[in-house]
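Report on the structure given below.
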Amino acid sequence: MALPDFPWDALAPHAERARRAPGGIVDLSVGTPVDPTPALLRDALAAASDAPGYPQVWGTPAVREAVAAWFARRRGVPGLDPDGVMPTPGSKELVAWLPTLLGLGPGDVVVHPLVAYPTYDVGARLAGAAPLPLDDVASLPSPVVDLPGGGTGRVRLVWLNSPSNPTGAVDDVRRLAEVVAWAREHDVVVAGDECYAELGWAPAEGCAHGEVDVDERGDLVPPSVLDPRATGGDSRGVLSVYSLSKQSNLAGYRAAFVAGCPALVRHLVGVRKHAGVIVPRPVQEVLRTALGDDAHVAEQKEHYRARRAVLRDALAAAGGRVERSDAGLYLWTTFDEPAMDTVARLADRGVLVAPGTFYGAAGERHVRVALTATDERVSAAAERLRG
């Protein structure tokens, strides 16, 4: 099994250059939260810290019911069956191992977006399946496809990522419905990676969007792959993967979940019981508490909104053009030059960004600029970009 090199290792020399800049590095290359974990959630962890027994792979009933209630309140998905919910230790782990957990192997194909988080590709390879970057899977006449390296394979799993990492693009309800319909016709599982769903931005900024809703502030509300307008109210064959790392500053807690088709979730639970992959009981309680409190999520979003505005203006002043960044924690930016040329130029100014090539060949002239830095570091980056 051949895996690609870990992409961020290639940034080491550019990071070193950025560190030598006056005032030090502003690292906008990785989307790791920097703001404090809300006191409400730290208190929940402390209150649940007396946990001498083994936790449940499936999660406590209270956790699963909290996820179902959150989907109804925040994602427009009423009536989600709590039996179709399983907490996971972060979402990256689930993304990496889902093809293996579903029993995929040689001859099977995992479709993922053309510009995509690298772990979709890695997860396919870990299972011995073939990754296939493809945006228009619903147009395929058959699940049997030609592979870039030669030969054919059968599509067994389709990954959607909305809002996208890295681009911030949002799939509208129509596209979600088309993919779900195609997948059901061909007995293919659809998994939506949706961990930036609480971070939609204003369509008035000129973002591309189709049949999506807006909230009372006018921000996009990215639809879930489990939205009844996409599934017909039937979660069969469909999963949503979600993480609280971004919305609740819980990356260090590894608090996430998968939800959707009860039959698929039961299968995942059964395999993971054998493997002992379990979210610690105190973290489950933090997850339950976080999903029941919208105030801390809204507060954190406003921090990102302010940082986004500062960086967006500074990138434009520096000659960059932000594209497709409808939602999420990144500004997908082009300076109309090869991505690594942009990385090198900005590193000379002490600003480190991620090249679009980390996310596939289609990103060769873009960089991903993260909003996950303190207000002081974002201001420093803006000053350097304006130059």
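Note that the structure is a prediction, hence the values are computed from the model and not measured.
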Under 3.5 Å: donor-acceptor pair, side chain of [X], backbone of [Y]:
X: Arg368; Y: Ser29; answer: yes
X: Ser164; Y: Thr167; answer: yes
X: Lys301; Y: His296; answer: no
X: Ser240; Y: Leu226; answer: no
X: Asp43; Y: Leu40; answer: no
X: Arg184; Y: Thr231; answer: yes

Walk me through it: do Val353 and Val351 pass the test side chain to side chain contact (heavy atoms under 4.5 Å, CB included)?
-> CA-CA 7 Å; Val353 298; Val351 178; 4.2 Å; yes
Name the one of Leu104, Val109, Leu126 that satisfies side chain to side chain contact (heavy atoms under 4.5 Å, CB included) with Pro99?
->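 So, applying the side chain to side chain contact (heavy atoms under 4.5 Å, CB included) to Pro99 and each of Leu104, Val109, Leu126, only Leu104 qualifies.
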Evaluate the salt bridge (charged side-chain N to carboxylate O under 4.0 Å, His left out) criterion for residues Asp83 and Arg266: first the C-alpha distance (whole Å), next the side-chain angles of each, then the deciding distance (0.1 Å), finally the verdict.
-> CA-CA 8 Å; Asp83 283 350; Arg266 278 194 294 270; 5.0 Å; no
Thinking salt bridges, do [X] and [Y] make one under a 4.0 Å N-O criterion?
X: Asp234; Y: Arg236; answer: yes
X: Glu178; Y: Arg175; answer: no
X: Arg377; Y: Asp27; answer: no
X: Glu198; Y: Arg75; answer: no
X: Arg345; Y: Glu337; answer: yes
X: Asp375; Y: Arg307; answer: yes
X: Arg73; Y: Asp294; answer: yes

Centroid separation Tyr117 to Trp159 less than 6.0 Å =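 No, they do not, as the ring centres are separated by 6.0 Å or more.
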So Asp213 and Arg229, salt bridge (charged side-chain N to carboxylate O under 4.0 Å, His left out) or not? Walk me through it.
-> CA-CA 12 Å; Asp213 300 324; Arg229 294 171 294 179; 3.1 Å; yes
Can you tell me how far apart [atom1] ([X]) and [atom2] ([Y]) are? Round to the nearest 0.5 Å.
X: Leu176; Y: Asp171; atom1: CG; atom2: CG; value: 5.0 Å
X: His14; Y: Ile25; atom1: NE2; atom2: CD1; value: 11.5 Å
X: Leu134; Y: Leu140; atom1: CG; atom2: CG; value: 5.5 Å
X: Asp313; Y: Arg386; atom1: CG; atom2: CZ; value: 6.0 Å
X: His303; Y: Asn249; atom1: NE2; atom2: CG; value: 8.5 Å
X: Asn161; Y: Thr119; atom1: CG; atom2: OG1; value: 10.5 Å

Can you get from [X] to [Y] by hopping between Ile, Leu, Val, Met, Phe, Trp and Tyr side chains that sit under 4.5 Å apart?
X: Val158; Y: Leu147; answer: yes
X: Leu315; Y: Trp201; answer: yes
X: Leu199; Y: Trp332; answer: yes

Take Arg156 and Asp187 through the salt bridge (charged side-chain N to carboxylate O under 4.0 Å, His left out) test and state the conclusion after the steps.
-> CA-CA 7 Å; Arg156 295 279 306 282; Asp187 194 25; over 6 Å; no
Do Leu94 and Leu101 touch side chain to side chain, with heavy atoms closer than 4.5 Å?
->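 SC-SC contact between Leu94 and Leu101 confirmed.
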Sole residue of Ser91, Ser224, Ser243, Ser162 in side chain to side chain donor-acceptor pair (under 3.5 Å) with Glu194 =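 By the side chain to side chain donor-acceptor pair (under 3.5 Å) criterion, Glu194 pairs with just one of Ser91, Ser224, Ser243, Ser162: Ser224.
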Asp193 and Tyr242: CA distance, side-chain angles, deciding distance, side chain to side chain donor-acceptor pair (under 3.5 Å) verdict | CA-CA 6 Å; Asp193 182 355; Tyr242 198 79; over 6 Å; no
Start with the C-alpha distance between Val277 and Glu93, add both sets of side-chain angles, then the distance that settles side chain to side chain contact (heavy atoms under 4.5 Å, CB included), and finish with yes or no.
-> CA-CA 10 Å; Val277 183; Glu93 173 271 333; 3.8 Å; yes
Would you please test Leu98 and Leu102 for side chain to side chain contact (heavy atoms under 4.5 Å, CB included) and show each step?
-> CA-CA 6 Å; Leu98 184 61; Leu102 292 176; 3.8 Å; yes
Stepwise, does the side chain to side chain donor-acceptor pair (under 3.5 Å) test hold for Ser142 with His186?
-> CA-CA 8 Å; Ser142 163; His186 300 293; 5.9 Å; no
For Asp35 against Gln300, the heavy-atom pair lying closest together =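 What the structure gives for the nearest pair is OD2-NE2, 2.7 Å.
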Could you walk me through whether Thr334 and Glu323 pass the side chain to side chain contact (heavy atoms under 4.5 Å, CB included) test, one step at a time?
-> CA-CA 8 Å; Thr334 181; Glu323 297 180 344; 3.7 Å; yes
Evaluate salt bridge (charged side-chain N to carboxylate O under 4.0 Å, His left out) for Arg349 paired with Glu383, printing each intermediate quantity in order.
-> CA-CA 10 Å; Arg349 302 187 191 187; Glu383 183 177 344; over 6 Å; no
